[in-house]
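What follows is a single structure, written as structure tokens, with notes after it.
Ligands are counted one by one from 1 in listed order, and the atoms in each one are counted from 1 as well. Computed from a predicted model, the values in this text were never measured in an experiment.
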Amino acid sequence: MSRQMHARRLDGVDKNIWVELTQLAADYKVVNLGQGFPDFAPPKFLQDAFCKAVSGDCLMHQYTRAFGHPSLVTILAQLFGQLVGHEINPLDDVLVTVGAYQALFCAFQALVDEGDEVIIIEPFFDCYQPMVKMAGGTHVYVPLRPRGDSNLSSGDWVLSAEELASKFTAKTKAIVINTPNNPIGKVYKTEELQVIADLCIKHDVVCISDEVYEWLTYDGTKHVKIASLPGMWERTVTIGSAGKTFSATGLKVGWAIGPSHIIKHLKTVHQNSIYHCPTAAQVAVAESFQTEYERFGSPESYFKLLPALLHHKRNKLAACLESVGLQPTLPEGGYFMIADISSISFDSDDTISQDEPLDYRFVKWLIKKKGLAAIPVSAFYSPEHGKEVQNYVRFCFAKEDSTLTAAEEIFKKWGSEK
Ligand code: IK2
């Protein structure tokens, strides 16, 4: 058969780090600090809400409103309207999606045309790049760089305002930001967001703000929504995830929130591809948000309990990494930590290609020889810039204490062998 089967838009986007490393981790039955999902149970109120939804009204098992179940868009508009400081219309300004993934996909498909440029800040959640490419756009990268010699906190990774400004051209259609960031854990400060906002306004550019870890910040760090800055509501699509919010990544309920003149285009993509998300999952998420709304800011709020739990896990993992000479960068938010592997010597065997970047080889060695899964940080960079960060790997600390203790045992054994 001489005819090419696949569409050209798939060229160069066929590899996926999660598919590859999740399989490798499963093959070796490792302690998994790789993929970003909690291995502890979601809160009981979410589980109860889900059980109630599936066992109640038979309409819970049927189609629902295309752009989001009324109960979910209503509570999202109510809660986020207060956080953004702008009235949000539940029917026009909110789109419920299959996880944050689909919200991102709808945003790129809806807003990016052939020839448009999209600015992506490195490191970035890996799907931004293939999604921009599939939409026909061109990615333009700008890196966060460690400030000075020390990069012990994610706050030490910063953008150069001049470098960022130099990336905006007449072709720039959108910029994607991610705060708290995956994989570094950087939480952008208001001043940093203001630099981005000023450029968006000056060049009439849309900001796609991926805020899936919005509730997870540590040591008093505050998450600021770029949509809340003056002049930004009109040009920002804010993306969130119930999976990350309620420690239930299998739910795959996400959302995009923004002004109706932008969201209506995302709805067009959504109605012509997915149509709507599972009804019962949306209703369970709506009820859970309602619960949280009523106790917002109180000590019982899951939005306070979860970061407190993860703060302890973050510190435990940092101590483990340090004990074997892996230098961690302490995250201000999110549930990942990167660590410098420069001081570790390891022998990657014949099964690991020497052509691969150092961090990929290290991660494969870690999985096969030490029984521990992590993710190479160069996977969060463009191929052009990945080489510059191949001495970092990412660990997820949103794990049961028993999982972290199992990892600690591996690190201790490793330490004693050195
Ligand atoms: N945006 C970011 C920044 C994410 O981290 C994710 C989920 N990624 O987790 C996998 C990992 O990094 O190990 C998403 C979007 C997608 O969220 P959802 O699960 O709601 O589709």
Side-chain angles (χ1 to χ4, degrees), residues 16-26 30 32-39 42 46 68 72 76 95-108 120-132 144 154 176-188 208-217 223 226 237-257 266 270 274 277-278 281-282 284-285 288-289 310 317 331-338 363 373-381 392-399 403:
N16 180 293
I17 182 78
W18 312 114
V19 174
E20 185 189 352
L21 289 184
T22 303
Q23 186 55 50
L24 191 64
V30 292
N32 195 350
L33 303 187
Q35 205 176 2
F37 65 90
D39 63 354
L46 175 94
L72 182 54
L76 288 174
L95 171 66
V96 174
T97 54
V98 181
Y101 252 110
Q102 197 226 338
L104 288 161
F105 186 77
C106 286
F108 292 120
I120 301 179
I121 300 172
E122 292 176 307
F124 56 89
F125 182 50
D126 65 309
C127 74
Y128 304 161
Q129 187 265 344
M131 284 190 188
V132 169
L144 286 167
S154 60
V176 198
I177 67 167
N178 174 213
T179 183
N181 166 272
N182 175 8
I184 295 182
K186 179 183 175 62
V187 181
Y188 287 72
I208 299 170
S209 188
D210 179 343
E211 302 181 14
V212 299
Y213 302 103
E214 62 193 312
W215 307 108
L216 304 178
T217 60
H223 169 70
I226 196 166
V237 177
T238 304
I239 288 173
S241 162
K244 302 292 178 176
T245 300
F246 295 114
S247 307
T249 56
L251 275 179
K252 290 304 282 186
V253 173
W255 53 87
I257 297 180
L266 277 68
H270 182 79
I274 304 296
C277 309
Q282 292 190 62
V285 171
S288 302
F289 265 118
L310 291 179
L317 178 62
E332 303 155 286
Y335 48 49
F336 304 108
M337 184 180 301
I338 63 167
V363 161
I375 302 290
V377 166
S378 61
F380 300 89
Y381 279 77
Y392 287 105
V393 297
R394 188 199 81 174
F395 296 90
C396 174
F397 53 88
K399 301 293 172 188
T403 309

Quick check for you: to the nearest 0.5 Å, what is the distance between W255 atom CH2 and C277 atom SG? 11.5 Å
Is any N or O atom of K244, backbone or side chain, closer than 3.5 Å to an N or O atom of ligand 1? yes
For ligand 1, which atoms, with element, lie under 4.0 Å from some heavy atom of N178? 3 (C)
Go through ligand 1 atom by atom and flag the ones less than 4.0 Å from a non-hydrogen atom of K252. 18 (P), 19 (O), 21 (O)
Given Y213, W255, F125, identify the one with the heavy atom nearest to atom 5 (O) of ligand 1. Y213
Under a 4.0 angstrom heavy-atom cut-off, which atoms of ligand 1 come close to Q35? 13 (O)
What's the shortest distance from atom 13 (O) of ligand 1 to any protein heavy atom, and which residue and atom give it? G36 N, 2.6 Å
Looking only at protein heavy atoms, which one is nearest to atom 18 (P) of ligand 1, and what is the separation? A100 N, 3.4 Å
Answer whether the closest heavy-atom distance between the side chains of V96 and V285 falls below 4.5 Å. no
Please determine if K399 forms a cation-pi arrangement with F37, meaning its NZ or CZ atom is less than 6.0 Å from the six-membered ring centre and no more than 45° off the ring axis. yes
Near S241, which atoms of ligand 1 are under 4.0 Å from a heavy atom of that residue? 18 (P), 20 (O)
Evaluate W18 for polar contact with ligand 1, using N/O atom pairs at a separation under 3.5 Å. no
Measure the spacing between CZ of F125 and CD1 of I239 and express it to the nearest 0.5 Å. 11.0 Å
So for D210, does at least one of its heavy atoms come nearer than 4.0 angstrom to any atom of ligand 1? yes
Just to be sure I read this right, does ligand 1 sit under 4.0 Å from the backbone of R394, its side chain, both, or neither, counting only heavy atoms? side chain
With a 4.5 Å cut-off on side-chain heavy atoms, are W215 and K244 touching? no
Is any side-chain heavy atom of I338 less than 4.5 Å from a side-chain heavy atom of F380? no
Do N182 and ligand 1 have an N or O pair less than 3.5 Å apart? yes
